[in-house]
Number of protein chains: 2
Amino acid sequence: MAGKVAERRAALRENLILIAERIIAQQGLGALRARDLASEAGCAVGAIYNVFGDLTDLVLTVNARTFHRLGADVAEALADAPQDPVEQLVIMAQAYHRFAAENHLAWRALFDVERAPGEAAPDWYLEEMGRLFTYIADPLAVIFPGRAPDEHALLTRALFSSVHGIVLLGLDQASSGVPTEDIDRMIALVLRQFTASAK
Amino acid sequence: MAGKVAERRAALRENLILIAERIIAQQGLGALRARDLASEAGCAVGAIYNVFGDLTDLVLTVNARTFHRLGADVAEALADAPQDPVEQLVIMAQAYHRFAAENHLAWRALFDVERAPGEAAPDWYLEEMGRLFTYIADPLAVIFPGRAPDEHALLTRALFSSVHGIVLLGLDQASSGVPTEDIDRMIALVLRQFTASAK
DNA sequence: CCCTCTATTGAACATAGTTCAGTGATACGG
DNA sequence: CCGTATCACTGAACTATGTTCAATAGAGGG
C-alpha cells in the first residue's frame with residue numbers, strides 16, 4: 001500500500017488546521033496550546049512537529065486561510081457594488097470592517113502573530129495584500145485620473161491603512177464604546193471626504 | 001527611622017521601571033523577563049511582586065510613561081506649528097510618526113500588551129488619548145465649522161485612527177519597503193485631501 | 001513471514017511567570 | 001542600648017508552556 005504514511009500525515013495536517021482555526025476563532029491566538037491540539041487531534045504532541053515546523057507555522061497556515069476568506073468577502077462586496085467608484089471604496093471598506101467584526105479573533109491573529117525579526121512576510125501574505133490593493137487602486141484610478149502612478153500606489157496604501165486603523169481601534173475599544181455603526185460612519189466619512197475634491 | 005522600607009520599595013520600583021523601559025526600548029516587549037529584571041535590579045524575583053502585582057502592571061507603568069512622552073512630543077510639535085489648521089494636523093501626525101519610528105519597540109508595547117478580556121483601559125490611557133484627541137479636534141473645528149459636535153468627535157477619532165493605521169502598517173513592513181518619507185507623504189496626502197473640500 | 005527503515009510517541013528538557021515558607025532586617029518598647 | 005514582634009525579602013519550588021529526541025511500533029519490500 002503506497003503512500004499510507006503520506007495520507008495519514010495529510011489527514012493529520014488538515015485536522016490540525018481545522019482545530020487550530022476553531023480555537024483561534026473562538027478563544028484567540030493566545031489560547032492555542034500544543035497539548036490541547038494534540039489531545040483534540042488524537043495524536044502525540046511530537047506529531048505536530050512532524051507536520052509543521054513549529055506552532056507559528058501552523059498559525060501562519062490558518063492565517064493564510066483567514067486572509068483568503070477576507071479577500072473573498074471583499075471581492076464579493078465589490079462584485080455587488082454599484083458603478084460609482086466612491087461607493088465601491090465605501091462598500092469594500094465596510095466589508096473589511098464586517099469581516100473583522102464577525103471574525104474578530106481570527107482577524108486579530110493575522111497581525112498578532114510574531115514574525116521572527118528580519119524575516120520577510122510570507123508570499124501568500126504579499127499576494128493576498130496585492131489583490132486587496134488592486135481592488136482599491138481601480139476605483140481610485142477613476143476618481144483621481146490625473147495623478148502619477150507612484151502617487152496612486154501611495155494613495156492606495158494610505159487608504160487601506162486608514163480603513164485598517166479605523167477598524168482596528170474601533171474594535172479594540174469596543175468595550176469603551178465605539179458602536180459598529182460609528183465605525184461604518186467613520187469609514188464612509190473618511191472615504192467620502194477624501195474623494196470629495198478629487199482632481 | 002520611619003519609612004526606610006517604603007523608601008527602599010520606592011527606589012526599587014523606580015529602578016525596575018527604568019530597567020524595563022530600557023529592555024522594552026532596545027529589545028521589545030517580548031524580551032522582558034522577570035529573572036533578568038531581578039538580576040539587573042539586584043533583587044530577588046519575588047521582590048518584583050512586592051512592588052508590582054505582575055509583569056503586566058510593570059509594563060503598563062512603562063507604557064504610561066511612553067504615552068506621556070508621545071503626548072508631549074505631539075504637543076511640542078503643535079506649539080511650533082503655524083496658524084493654519086490643516087498644517088497643524090499634518091505636523092502633529094508627522095510628529096506621531098516620528099515618535100513611533102524613533103521609539104518603535106516602546107511604541108509597539110503600547111498596543112501589544114494584552115489586557116485581560118473585558119477589562120477596561122486604564123485611566124491614564126483614556127486621559128492621554130483624550131488629550132491627543134483635543135489637539136486634533138481644535139483644528140478640525142476651524143476647518144469644519146458647520147458640523148454637529150458628535151460628528152466632530154467622529155471625525156477626530158477617524159483621523160487619529162487613519163494616521164495610526166498608516167504609521168502602524170508603514171513601520172510594520174519597513175522591511176518590505178515603505179520608506180519613512182513615504183509614510184510622511186501618505187499622512188500629508190490623506191490629511192490634505194481630506195480637508196481640501198471642507199464644508 | 002521476517003527484516004529494515006522510518007514515522008510516531010510521549011517523557012524529558014528548556015524557559016517562562018508566579019508563589020510562599022523560611023529568613024533576616026526593621027522599628028519600637030523597655 | 002537591647003530584645004523581640006513584625007513584616008519585607010529571598011529564592012527554591014510550582015505550574016505552564018513550546019520543543020526535542022531516544023525508544024518504540026508499524027509499514028513495506030523481499
Side-chain angles (χ1 to χ4, degrees), chain A residues 1-17 19-24 26-63 105 109 112-117 119, chain B residues 1-17 19-24 26-63 105 109 112-117 119:
Chain A
M1 213 184 289
K4 201 168 184 177
V5 167
E7 211 175 275
R8 212 168 37 195
R9 274 172 76 111
L12 176 61
R13 185 185 155 85
E14 198 60 29
N15 202 9
L16 284 173
I17 293 172
I19 294 168
E21 211 161 28
R22 212 201 55 232
I23 291 177
I24 291 174
Q26 291 178 352
Q27 305 169 253
L29 184 58
L32 195 70
R33 235 129 273 175
R35 282 163 182 79
D36 293 352
L37 274 168
S39 159
E40 279 210 54
C43 71
V45 281
I48 297 171
Y49 295 86
N50 295 333
V51 179
F52 296 98
D54 55 22
L55 285 195
T56 299
D57 275 3
L58 172 53
V59 172
L60 288 176
T61 306
V62 170
N63 279 356
L105 294 174
D112 286 350
V113 62
E114 56 203 298
R115 282 165 283 166
E119 190 170 349
Chain B
M1 214 183 288
K4 200 167 184 179
V5 168
E7 211 174 274
R8 213 168 36 193
R9 275 174 74 112
L12 176 61
R13 186 185 155 84
E14 199 59 29
N15 203 8
L16 285 173
I17 293 172
I19 294 168
E21 212 161 26
R22 210 201 59 232
I23 292 176
I24 291 175
Q26 291 179 351
Q27 304 169 253
L29 184 57
L32 196 69
R33 236 129 272 175
R35 284 164 181 79
D36 292 351
L37 274 169
S39 158
E40 280 211 51
C43 69
V45 280
I48 298 170
Y49 295 87
N50 294 332
V51 179
F52 295 98
D54 56 23
L55 284 196
T56 299
D57 274 4
L58 171 53
V59 172
L60 288 177
T61 305
V62 170
N63 278 355
L105 294 174
D112 287 350
V113 63
E114 57 204 297
R115 281 166 283 164
E119 192 170 349

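Only a predicted model underlies this, so the values are computations on that prediction, with no experimental measurement involved. In the text below, chain A, chain B and the rest are named by the order of the sequence lines, each starting its count at 1.
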Roughly how many Å is it from CD1 in A:I23 to P in D:dT17, rounded to a whole number? 12 Å
Which atom pair, heavy atoms only, marks the closest approach of B:A41 to B:L12? CB-CD1, 4.2 Å
Which nucleotide sits closest to the side chain of B:A44: D:dC9, C:dT8, D:dG11? D:dG11
Whole angstrom value for the distance that separates P of C:dT8 from CG of A:L16: 11 Å
Does some side-chain heavy atom of A:L32 sit less than 4.5 Å from a side-chain heavy atom of A:V62? no
If every non-hydrogen atom of A:G28 is compared with every non-hydrogen atom of A:L105, which pair is closest and at what distance? N-CD1, 3.5 Å
Are B:N50 and D:dA8 close enough that a side-chain N or O sits under 4.0 Å from OP1 or OP2? no
Sugar-phosphate means primed atoms, P, OP1 and OP2; the rest is base. With that split, encode nucleotides 11-19 of chain C 5' to 3' as B, S or - using protein heavy atoms under 4.0 Å. BB---SBBB
Heavy-atom nearest pair, A:I23 first then A:E40, reads CD1-OE2, 4.2 Å
Distance check needed: C:dT9 C1' versus A:L12 CG, whole Å only. 13 Å
In this structure, how many angstroms lie between the P atom of D:dG11 and the CD1 atom of B:I48, rounded? 13 Å
Please list every stem that involves DNA chain D, where a stem is a run of 3 or more consecutive Watson-Crick or G-U wobble pairs with both pairing distances under 3.5 Å. C:1-30 with D:1-30
Nearest whole Å is fine: how far is D:dC9 C1' from B:L37 CG? 17 Å
Minimal heavy-atom distance between B:V51 and B:R9, with the atoms involved, is CG2-O, 4.4 Å
Interatomic distance where CZ belongs to A:F52 and P belongs to C:dT8 [whole Å]: 13 Å
A:R8 has an atom CZ; how far is it from atom C1' of C:dA7, in whole Å? 7 Å
Run the side chain to side chain contact (heavy atoms under 4.5 Å, CB included) check on A:I17 and A:F52 step by step: do they pass? CA-CA 10 Å; A:I17 293 172; A:F52 296 98; 3.8 Å; yes
Stepwise side chain to side chain contact (heavy atoms under 4.5 Å, CB included) test for A:T61 and A:L16: CA-CA 10 Å; A:T61 306; A:L16 284 173; over 6 Å; no
Grab the two heavy atoms, one from A:A109 and one from A:I24, that are nearest each other, plus how far apart they are. CB-CG2, 3.8 Å
Exam field: side chain A:D54 to backbone A:D57, donor-acceptor pair closer than 3.5 Å: yes
